[in-house]
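Beneath this line is the structure, given in structure tokens, with notes to follow.
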Amino acid sequence: MFTGIATEIGVETSARHAYALGFVPVIVSNAVSSYDREAHERSLANMRRFFPILTAEELARYWS
């Protein structure tokens with residue numbers, strides 16, 4: 001599960017690295033952010049092609 005600041009830098013880079021190591025990263029869409037809204041949205045769109053993107057509420061329902 002990935003959360004954090006700078007979706008297009010730290011979050012996406014870390015998720016791609018985890019994927020390369022054989023993990024399936026799950027991105028929590030309402031727990032990631034960026035100062036650059038356009039870059040944030042573009043990064044989520046990029047990651048959506050490879051990784052599950054869920055809200056915190058969807059993840060909580062899945063775990064319960």
Could you go through the side chain to side chain contact (heavy atoms under 4.5 Å, CB included) check for L54 and V28 one step at a time?
CA-CA 5 Å; L54 303 171; V28 183; 5.9 Å; no
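Listed here is the closest heavy atom pair of A15 and P25: O-CG, 3.3 Å.
Tracing side-chain contacts under 4.5 Å through hydrophobic residues (I, L, V, M, F, W, Y), one reaches V11 starting from F50; they form part of the same cluster. Criterion: ILVMFWY side-chain heavy atoms under 4.5 Å apart, direct or through other members. Under it, M1 and Y62 are part of a common hydrophobic cluster.
Checked against ring-ring contact (aromatic ring centres under 6.0 Å, His included), F2 has no partners two or more places apart in sequence or in another chain. Every residue two or more places apart in sequence or in another chain that forms a salt bridge (charged side-chain N to carboxylate O under 4.0 Å, His left out) with R42 is listed here: E38.
Side-chain contact between Y19 and M47: absent, with no pair of heavy atoms (C-beta onward) separated by less than 4.5 Å. With a 4.5 Å cut-off on side-chain heavy atoms, H17 and T13 do not count as touching.
Applying the salt bridge (charged side-chain N to carboxylate O under 4.0 Å, His left out) definition to pairs two or more places apart or across chains, none involves residues 52-61.
Using modelled atom types, no side-chain atom of S43 and backbone atom of A39 make a donor-acceptor pair closer than 3.5 Å. Checked by atom type and distance alone, the side chain of S29 never pairs as donor or acceptor with a backbone atom of I53 at under 3.5 Å. A donor-acceptor pair under 3.5 Å links the side-chain atoms of N30 to the main chain of A56, judged by distance alone.
The OH atom of Y35 lies 12.0 Å from the OG1 atom of T7; values are rounded to the nearest 0.5 Å. How far CG of L21 is from CZ of R16: 14.0 Å, rounded to the nearest 0.5 Å.
Here the rule is side-chain hydrogen bond (donor to acceptor under 3.5 Å, both in side chains) with S34, and of E41, H40, E8 only E8 fits it.
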